[in-house]
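Take a look at the structure below.
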Amino acid sequence: LKAGQHRLALDKYNRMHACAIGGLIQAAVGDESGAQDGSRRGGFAGMLMDGKKEKLTEDQKATVKDLAKAMHSNKSLCYLKLENWDKGVDACTKALSLGADEGKIRQRRGVCYLRANNLDKAREDLERALQLNPGDASIARELAQLARQEKAQDGKAKKTFQKMFG
């Protein structure tokens, strides 16, 4: 990610999810996103788990959950950098459901919502991120951008209603 190769990194995260830990995520946390092809468990790890009676230990479950949390968190950053807002929102939501750093991920998801012009959800996430990280200048900048977009949207709505009602 540091070299700016977000598409390459995203491809590797997706392959890791499909081939290595997809089935383990489902086994560890009951996350249906582990099976990307509609099967019960995804990828190589799923093949290893299928038919086995032993279950993951609590330590193994915690490790898999931490890997999945980091993977979805990193995927959310990649999608943000690639300006793929919908997939960014999905990755953030998955990361949050696994217990990722709420402040950082809410900020990312808020930015994705903002860029996708979903202003209500953007406000909700960005305000929560600011509560968790008071004084964060980047969140304040995004909230200022949100206020500008809301003002522009209100202006457009006002013009539309003026045309409709004379």
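Quick note: residue numbers are just sequence positions, from 1.
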Side chain proximity check, [X] to [Y], heavy atoms < 4.5 angstrom:
X    : Y    : result
R108 : L77  : yes
K75  : N14  : yes
L10  : H6   : no
N117 : Q153 : yes
W85  : L114 : no
K61  : K65  : no
R115 : E142 : yes

Could you list who else is in Y113's hydrophobic cluster, with ILVMFWY side chains joined at under 4.5 Å, directly or through other members?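 Besides Y113, the hydrophobic cluster comprises V89, listed by chain and residue number.
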Is any side-chain N of the basic residue among K94 and D90 closer than 4.0 Å to the acidic one's carboxylate O?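 The answer is no: the pair does not qualify as a salt bridge.
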One thing to verify: whether D66 and K69 come together as a salt bridge, which I'm taking to mean a side-chain N less than 4.0 angstrom from a carboxylate O. yes
Could you give me the CA-CA distance, side-chain angles and deciding distance for L80 and C112, then say whether side chain to side chain contact (heavy atoms under 4.5 Å, CB included) is met? CA-CA 7 Å; L80 182 67; C112 288; 3.8 Å; yes
Taking S73 for its side chain and A70 for its backbone only, find out whether a donor-acceptor pair lies under 3.5 Å. no
Which distance, rounded to the nearest 0.5 Å, do you find between the [atom1] of [X] and the [atom2] of [Y]?
X    : Y    : atom1 : atom2 : value
N118 : R123 : CG    : CZ    : 12.5 Å
T93  : D125 : OG1   : CG    : 8.0 Å
L126 : Q131 : CG    : CD    : 11.5 Å
E58  : T63  : CD    : OG1   : 11.0 Å

Any idea which heavy atoms bring [X] and [Y] closest together, and the distance?
X    : Y    : answer
G135 : L130 : N-CD1, 4.1 Å
A129 : G103 : CB-O, 3.6 Å
Y13  : C78  : CE1-SG, 4.2 Å

[X] and [Y]: side chain donor to acceptor below 3.5 Å:
X    : Y    : answer
D59  : T57  : no
S76  : R109 : no
Q145 : Q149 : yes

Hey, mind stepping through M71 and L67 against side chain to side chain contact (heavy atoms under 4.5 Å, CB included) and telling me if it holds? CA-CA 6 Å; M71 179 188 63; L67 286 171; over 6 Å; no
Contacts of type side chain to side chain contact (heavy atoms under 4.5 Å, CB included), residue E102, not counting sequence neighbours: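 Partners of E102 by the side chain to side chain contact (heavy atoms under 4.5 Å, CB included) criterion, ordered by chain and then number, come out as L96, R106, R128, L132.
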Stepwise side chain to side chain contact (heavy atoms under 4.5 Å, CB included) check, H72 with I105: CA-CA 10 Å; H72 287 299; I105 300 302; over 6 Å; no
